[in-house]
Amino acid sequence: MTGTVTEGLTQMAHSPGRTVLRRQLGRELRRLREAAGKTVEDAAEWAGVQKPTISKMENGRQAIRPTNVRLLAQLYGASEELTADLLKRAAESTEPSPWAAYADTMPDSFTRYAELEADTVRIDGYDTELVPGLLQSEGYIEAVVRAARPGITDAALAKSVNFQLARQHRLLDKNPPRLRFVLNEGVLLRRVGGLETYSEQLRALIEANERSYVDLHVLPFAVGEHPAMGSSFKVLEFTDHELDFVYLENNSGATYLEGVEDRDEYRHIMDRLVGLSDDSQATSERLAKLVETCDSERKGYGDDSGPH
């Protein structure tokens, strides 16, 4: 599938995600409103919108129309220079999403995450079942999608795989963030996609762990209980730390935890997990031994690379 799913990836240039821009703009509008001594009710009445609309704008939950920005800036007494800057940011935040073409393939919660992810300076994560999406090989992605959607068409499959590869390309090809991942040992032992795909994924992880911005750890079964039992998560950090959040994903959607206490709690959990896990070098050694086992088995099967 390589020729199909990778076509055109180099054309996707990096630019700030709409969601980050909206969150920054919304926070500035809230600051101006509070500095002007205005309530949400005041802002809604002045702009001719409902109170929940103002709240959503201030929290970056929806597009902020330049018309509303101009009205609110007027109410808050913003200078002409500041108003012009706010209008520029509003226009940028309403530009089409780079993921618009995949709207019928991925849930809104995840395309929003992909937009935010593109502006991070650091991502910490713990995974219980899967290799992190940013480090998945093409064959691994395909196998995971097929398992989740057994009746998927070839065209839809190619589009789903293409989304993940485009996501990797957009984030990692230029100025990648620092990535620190802890993988439950079960992630490494689950032979997703059969022996050949599994072996390719292990090799991809070894290669990734050699990159200067990747810090990969394995949490051994022998550790026993640990502070993230059954719970995968990601902690995303930005240059502007007020935008940091924790991302929790499940089959029915996703949860974003943006409170300072939540972020600090998950950072603490992450540090504890790293302390319990194999270090980066030991992780690469563990991966290399698994690759050797795969190679030995493939020779034993007469190089039959299908599932066993």
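Worth saying up front: this structure is predicted, and the values here are computed from it rather than measured.
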Counting neighbours of CG on Asn175 that are heavy atoms of other residues, nucleotides or ligands and sit closer than 6.0 Å, is the number greater than 12? no
Arg267 and its side-chain hydrogen bond (donor to acceptor under 3.5 Å, both in side chains) partner, picked from Asp262, Asp124, Asp244: Asp244
Does Glu285 come within less than 4.0 Å of Lys289, counting only side-chain N to carboxylate O? no
Any side-chain donor-acceptor pair under 3.5 Å between Thr105 and Ser160? no
Could you tell me whether Asp240 and Arg23 make a salt bridge, using a distance below 4.0 angstrom between a side-chain N and a carboxylate O? no
Per salt bridge (charged side-chain N to carboxylate O under 4.0 Å, His left out), Glu58 is matched among Lys38, Arg27, Arg33 by Arg33
Side-chain ion pair, Arg31 and Glu28, N-O less than 4.0 Å: yes
Taking the ring of Phe221 and the ring of His226, is the distance between their centroids below 6.0 Å? no
Charged N to carboxylate O below 4.0 Å: is that the case for Glu115 and Arg167? no
Using side-chain contact (heavy atoms from CB on, under 4.5 Å), reason through Leu87 and Thr83 one step at a time and then give a plain yes or no. CA-CA 6 Å; Leu87 288 170; Thr83 298; 4.0 Å; yes
Step-by-step side-chain contact (heavy atoms from CB on, under 4.5 Å) determination, Tyr256 to Tyr113: CA-CA 9 Å; Tyr256 293 80; Tyr113 173 85; 3.5 Å; yes
Within the structure provided, determine whether Arg272 and Pro227 are in side-chain contact (heavy-atom separation under 4.5 Å). yes
Main chain of Ala90, side chain of Ser93: is a donor-acceptor contact present, judged purely on distance under 3.5 Å? yes
Would you call the rings of Tyr247 and Phe245 parallel, tilted or perpendicular if under 30° counts as parallel and over 60° as perpendicular? perpendicular
Is Asp85 salt-bridged to Lys88, cutoff N-O under 4.0 Å? no
Min side-chain heavy-atom separation Val69-Gln74 under 4.5 Å: no
How about Arg70: does its CZ atom have over 12 heavy atoms from other parts shown lying under 6.0 Å from it? no
Could you list the residues that satisfy side-chain contact (heavy atoms from CB on, under 4.5 Å) with Arg61, not counting sequence neighbours? Lys56, Asn59, Arg112, Glu258
Check for a donor-acceptor pair, side chain of Arg263 on one end and backbone N or O of His241 on the other, with a separation under 3.5 Å. yes
Quick one about Ser284 and Asn209 (side-chain donor to acceptor, distance below 3.5 Å, no hydrogens or angles considered), yes or no? yes
side-chain contact (heavy atoms from CB on, under 4.5 Å) evaluation trace for Glu237 with Ile123: CA-CA 6 Å; Glu237 295 186 5; Ile123 301 175; over 6 Å; no
Counting only heavy atoms not in Arg190, do more than 12 sit closer than 6.0 Å to its CZ atom? no
Side-chain ion pair, Arg180 and Asp271, N-O less than 4.0 Å: yes
So the ring-ring contact (aromatic ring centres under 6.0 Å, His included) pairs with at least one residue in residues 259-300 (sequence neighbours excluded) are Phe233-Tyr266
Using a strict threshold of under 4.0 Å (side-chain N to carboxylate O), is an ion pair present between Glu117 and Lys234? no
More than 12 heavy atoms of other residues, nucleotides or ligands under 6.0 Å from CD of Glu41: yes or no? yes
Take Val274 and Ser277, measure what side-chain contact (heavy atoms from CB on, under 4.5 Å) needs, and give me the verdict at the end. CA-CA 5 Å; Val274 169; Ser277 301; 5.6 Å; no
By salt bridge (Lys or Arg N to Asp or Glu O under 4.0 Å) - contacts of Arg30 (at least two apart): none
